[in-house]
*Asks:* 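I'd like to ask some things about the structure below.
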Amino acid sequence: SALLPSLTSIGYQALASYLLGETSLPEALTILKFQTRQYAKRQMTWFKKDARIHWVAGDDQREADKLVGEFLSA
């Protein structure tokens, strides 16, 4: 049978294993953190392939404001 999408979310299985007594809480959290990092890496790889995305340095507020203004006025 097909699983509900919510049952396949990041960390669900790790925390379910903890609640069922199959793993310890530290082990479940380690798995959850690892899965989250893997997902973030996949997202970054996907975003880097999209030429429409303009990356802005975290401390460059002026450039970010300029890009948002250009986007909103388009």
Side-chain angles (χ1 to χ4, degrees):
S1 67
L3 291 176
L4 296 172
S6 59
L7 300 180
T8 62
S9 62
I10 292 173
Y12 179 87
Q13 290 179 338
L15 292 178
S17 292
Y18 164 69
L19 293 173
L20 293 171
E22 298 170 354
T23 61
S24 68
L25 182 57
E27 289 173 318
L29 292 176
T30 297
I31 293 168
L32 173 62
K33 290 174 186 178
F34 177 75
Q35 291 174 340
T36 300
R37 282 191 301 274
Q38 283 184 320
Y39 184 67
K41 284 181 174 183
R42 286 193 305 272
Q43 284 182 318
M44 290 303 296
T45 299
W46 187 81
F47 284 131
K48 286 178 183 178
K49 293 178 183 179
D50 191 334
R52 299 172 298 167
I53 295 175
H54 299 277
W55 295 99
V56 178
D59 60 348
D60 194 347
Q61 186 64 44
R62 285 179 288 168
E63 183 181 0
D65 290 342
K66 177 181 169 246
L67 290 169
V68 168
E70 289 172 359
F71 175 78
L72 293 175
S73 66

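This structure is a prediction, so every number in the text was calculated from the model and none was measured.
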*Asks:* Locate the shortest heavy-atom distance separating Thr23 from Ala28; write the atom from each residue and the value.
*Replies:*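 Scanning both residues, the minimum pair turns out to be OG1-CB, 4.1 Å.
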
*Asks:* Transitive ILVMFWY cluster of Val56 at side-chain heavy atoms under 4.5 Å: who else is in it?
*Replies:*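 Besides Val56, the cluster holds Leu67.
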
*Asks:* Hydrophobic clusters join Ile, Leu, Val, Met, Phe, Trp and Tyr when side-chain heavy atoms are under 4.5 Å apart, directly or via other members; which others share one with Leu32?
*Replies:*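 Answer for Leu32: Ile10, Tyr18, Leu19, Leu25, Leu29, Tyr39.
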
*Asks:* Output all residues satisfying salt bridge (charged side-chain N to carboxylate O under 4.0 Å, His left out) with Lys33, sequence neighbours left out; order by chain, then residue number.
*Replies:*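 Lys33 satisfies salt bridge (charged side-chain N to carboxylate O under 4.0 Å, His left out) with no other residue.
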
*Asks:* Could you give all pairs that pass the salt bridge (Lys or Arg N to Asp or Glu O under 4.0 Å) test and reach residues 64-74, with sequence neighbours left out?
*Replies:*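 Found Lys66-Glu70.
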
*Asks:* For Asp50, enumerate each residue passing the salt bridge (charged side-chain N to carboxylate O under 4.0 Å, His left out) test, keeping only those at least two apart in sequence or located in another chain.
*Replies:*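 Counting only residues at least two positions away or on another chain, Asp50 forms a salt bridge (charged side-chain N to carboxylate O under 4.0 Å, His left out) with Arg52.
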
*Asks:* To the nearest 0.5 Å, what is the distance between CD (Gln13) and CD (Gln35)?
*Replies:*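 The CD atom of Gln13 sits 7.5 Å away from the CD atom of Gln35.
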
*Asks:* What are the two closest non-hydrogen atoms of Trp55 and Met44, and how far apart are they?
*Replies:*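 Nearest heavy atoms, Trp55 then Met44: CH2-CE, 3.6 Å.
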
*Asks:* Do you see a donor-acceptor pair shorter than 3.5 Å between the side chains of Ser24 and Glu27?
*Replies:*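 Result is yes, a qualifying pair exists.
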
*Asks:* Is there a path of hydrophobic side-chain contacts, each under 4.5 Å between heavy atoms of I/L/V/M/F/W/Y residues, joining Ile31 to Leu20?
*Replies:*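 Leu20 does not cluster with Ile31.
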
*Asks:* Quick one, Gln43 and Phe47 - any side-chain contact, counting heavy atoms below 4.5 Å?
*Replies:*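 In contact.
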
*Asks:* Check the hydrophobic clustering (I, L, V, M, F, W, Y; side-chain heavy atoms under 4.5 Å; chains of links allowed) and say if Leu7 and Leu15 are grouped together.
*Replies:*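 Per the 4.5 Å side-chain linkage, Leu7 and Leu15 are not co-clustered.
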
*Asks:* Got a sec, which hydrophobics cluster with Phe34, joining ILVMFWY side chains under 4.5 Å apart, including via others?
*Replies:*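 Reading the cluster by chain and number, Phe34 sits alone, since nothing else belongs.
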
